[in-house]
Amino acid sequence: MNTAEVVVIRLESWVEPLDRPANSYLVSAGGLKFLIDAGVGQLPKEALEAPYVLLTHWHWDHVLGLARSRYAGTLCASPRTISYLRGSPPAYEGSAAALRAFGDVPEELKPMLQVSLSRNSEIKEYVKSVESVRTFNECEPVARGLVRVLECPGHSDDHTCFIVGSHAFVGDSVNPGSGLSVLDINDYIRSMELLLSDPKWLTAHPGHGPDVDRAHVSSWVAETLISKVRRLIKMRSLLSPNWRPLKDYLELLYGSENAFAKWVGARSLLGYAISLAKMGLAELNMEVQPWTIRAKEA
């Protein structure tokens, strides 16, 4: 594809408790227009006329705009994303996971939890009414070779990135100017290796924040991973051989943060616990509420 044929228009929308706008993108390529993600607010007329929307993942701040705008085109997503939007995510995914994991969340986090749960319900009701939902290989922009799909789990286990000409649409895999919650650190590392190994894209378009070039993405990912690994090591050092509620570590690791940062930290904490368990460094019991964790003895 001639990169000159690709036109990208960024659309921003914002509602609390987000700390900055959510991005969606109206893309023109090969004579076809399509959306990538939908933000959280009313979409403009030109976006609503796009026949397809491709979703990076199921989180409400990337999908709510479709429900609020009553978008009537075709939704394109991975089978896992479609399953989450139509049904329920697994026990470790989504806002409801915080209730299961912590039993009860700190008071300052409850408003954010309720907002997230209500918006997820709103999206689920909307998706039930959508007539056309397709997997990526059934989606015209992908079938025609205009969009290349990369599986990029890490931030969520259904996360997808898209390459369109010299443009990479990275969803929440890259979050310039801010931190990032990661559900599985090993998955995230593999995803970033896959993304950065593709030499064709020059500009990354994130789910939040400004467009950035390859060099910025590489630097940001490296710094993020250093921070994540440090936090992972700190959590492992705090673990006891005895079972202890996972929620105890929220205060130990994020007690000094503001409410929004602690909300992001709560999700990150689930990711650290899951990552440590997969690495064989901890045992995580998700069958009880609240979840409990302990160091795994050699």
Side-chain angles (χ1 to χ4, degrees), residues 6 8-13 18 20-27 29 34-41 43 47 50 52-67 71 73-86 89 93-94 116 119-120 123 126-127 130 133-139 141-142 146-165 167-176 178 180-184 187-188 190-192 194-196 198 201 203-212 217 220-221 224 267 271:
V6 180
V8 179
I9 299 174
R10 183 172 65 189
L11 309 170
E12 294 183 341
S13 53
L18 298 180
R20 55 183 177 158
N23 297 331
S24 58
Y25 298 93
L26 180 60
V27 183
F34 50 90
L35 277 171
I36 293 180
D37 284 342
V40 294
L43 291 163
Y52 300 96
V53 57
L54 285 71
L55 299 177
T56 59
H57 60 303
W58 74 283
H59 291 166
W60 67 264
D61 53 327
H62 297 258
V63 188
L64 185 62
L66 299 177
Y71 175 77
T74 296
L75 272 63
C76 301
S78 72
R80 183 168 287 183
T81 299
I82 292 170
S83 174
Y84 293 173
L85 292 174
R86 283 177 165 170
E93 260 284 15
S116 295
R119 288 172 182 165
N120 286 337
I123 289 167
Y126 159 75
V127 172
V130 176
V133 179
R134 299 180 184 175
T135 58
F136 290 128
N137 60 358
E138 302 170 316
C139 186
V142 178
L146 302 173
V147 178
R148 192 157 73 88
V149 176
L150 301 180
E151 292 185 8
C152 290
H155 171 71
S156 64
D157 65 5
D158 68 322
H159 200 288
T160 305
C161 298
F162 307 110
I163 309 295
V164 185
H167 303 267
F169 297 87
V170 296
D172 282 351
S173 288
V174 178
N175 196 11
S178 186
L180 177 72
S181 63
V182 172
L183 187 66
D184 187 303
D187 279 352
Y188 182 71
R190 287 189 289 268
S191 295
M192 293 303 94
L194 178 64
L195 178 67
L196 289 165
D198 186 322
W201 66 268
T203 303
H205 306 276
H208 307 273
D211 298 342
V212 289
V217 171
W220 184 90
V221 168
T224 297
R267 191 174 184 281

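- Considering every non-hydrogen atom in both Glu12 and Pro21, the closest pair reads CB-CB, 3.9 Å.
- Using a 30° and 60° split on the angle between ring planes, His205 and Phe169 fall in the parallel class, below 30°.
- For Trp58 (side chain) and Ser156 (main-chain N/O), no donor-acceptor pair under 3.5 Å exists by modelled atom type.
- In summary, the side chains of Asn175 and His155 do not present any donor paired with an acceptor at a separation below 3.5 Å, with no hydrogens or angles considered.
- Remark: SG of Cys152 is not found under 2.5 Å from SG of Cys161.
- Leu66 CG to Ile123 CD1: the interatomic distance, rounded to the nearest 0.5 Å, is 8.0 Å.
- Among all heavy-atom pairs drawn from Gly207 and Asp172, the shortest one is CA-OD1, 4.0 Å.
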Check the pair Val170 / Thr56 against side-chain contact (heavy atoms from CB on, under 4.5 Å), numbers first and verdict last. CA-CA 8 Å; Val170 296; Thr56 59; over 6 Å; no
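- Of all heavy-atom pairs spanning Val40 and Ala22, the tightest one is CG1-CB, 4.3 Å.
- To the nearest 0.5 angstrom, Arg267 atom CZ is 4.0 Å from His59 atom NE2.
- Taking the side chain as every heavy atom from C-beta outward, Leu85 and Tyr126 never approach each other to under 4.5 Å.
- Residues Val164 and Leu146 fail the side-chain proximity criterion, which asks for heavy atoms closer than 4.5 Å.
- With contacts defined as side-chain heavy-atom distances shorter than 4.5 Å, the pair Leu43/Leu35 qualifies.
- Atom OG1 of residue Thr74 and atom CG of residue Leu54 lie 10.5 Å apart, to the nearest 0.5 angstrom.
- Nearest heavy atoms, Pro206 versus Val174: CB-O, 3.4 Å.
- Between Asp184 and Asp157 there is no side-chain heavy-atom pair separated by less than 4.5 Å.
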Please evaluate residues Val130 and Tyr71 with respect to the criterion side-chain contact (heavy atoms from CB on, under 4.5 Å), reporting the C-alpha separation (whole Å), side-chain torsions for both, the decisive distance (0.1 Å), and the verdict. CA-CA 8 Å; Val130 176; Tyr71 175 77; over 6 Å; no
Show your working on side-chain contact (heavy atoms from CB on, under 4.5 Å) between Trp220 and Leu180 and close with a plain yes or no. CA-CA 11 Å; Trp220 184 90; Leu180 177 72; 3.8 Å; yes
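- Side-chain atoms of Met192 and Thr224, non-hydrogen and from C-beta on, never get closer than 4.5 Å to each other.
- For the residue pair Asp211/Thr203, the side-chain donor-acceptor check at 3.5 Å is not satisfied.
- No side-chain N or O of Asp187 forms a donor-acceptor pair with one of His159 less than 3.5 Å apart.
- With contacts defined as side-chain heavy-atom distances shorter than 4.5 Å, the pair Tyr84/Val63 does not qualify.
- Nearest heavy atoms, Arg119 versus Trp60: NH1-CH2, 3.0 Å.
- For the side chain to side chain contact (heavy atoms under 4.5 Å, CB included) with Thr160, the lone residue among Leu55, Leu150, Val149 that qualifies is Val149.
- If you check the side chains of Asp158 and Ser78, you find no donor sitting under 3.5 Å from an acceptor.
- At distances below 3.5 Å, not a single donor-acceptor pair connects side-chain atoms of Asn137 with backbone N or O atoms of Val142.
- Across Glu151 and Leu194, no two heavy atoms sit closer than the pair O-CD2, 3.6 Å.
- Residues Ser178 and His208 are not in side-chain contact: their nearest non-hydrogen atoms beyond the backbone lie 4.5 Å or more apart.
- Contact annotation: the side chain of Asp37 never approaches that of Asp61 to less than 4.5 Å [non-hydrogen atoms, C-beta and beyond].
- In this structure, Tyr25 contributes its side chain and Phe34 its backbone to no donor-acceptor pair below 3.5 Å.
- With sequence neighbours excluded, no residue satisfies salt bridge (Lys or Arg N to Asp or Glu O under 4.0 Å) with Arg134.
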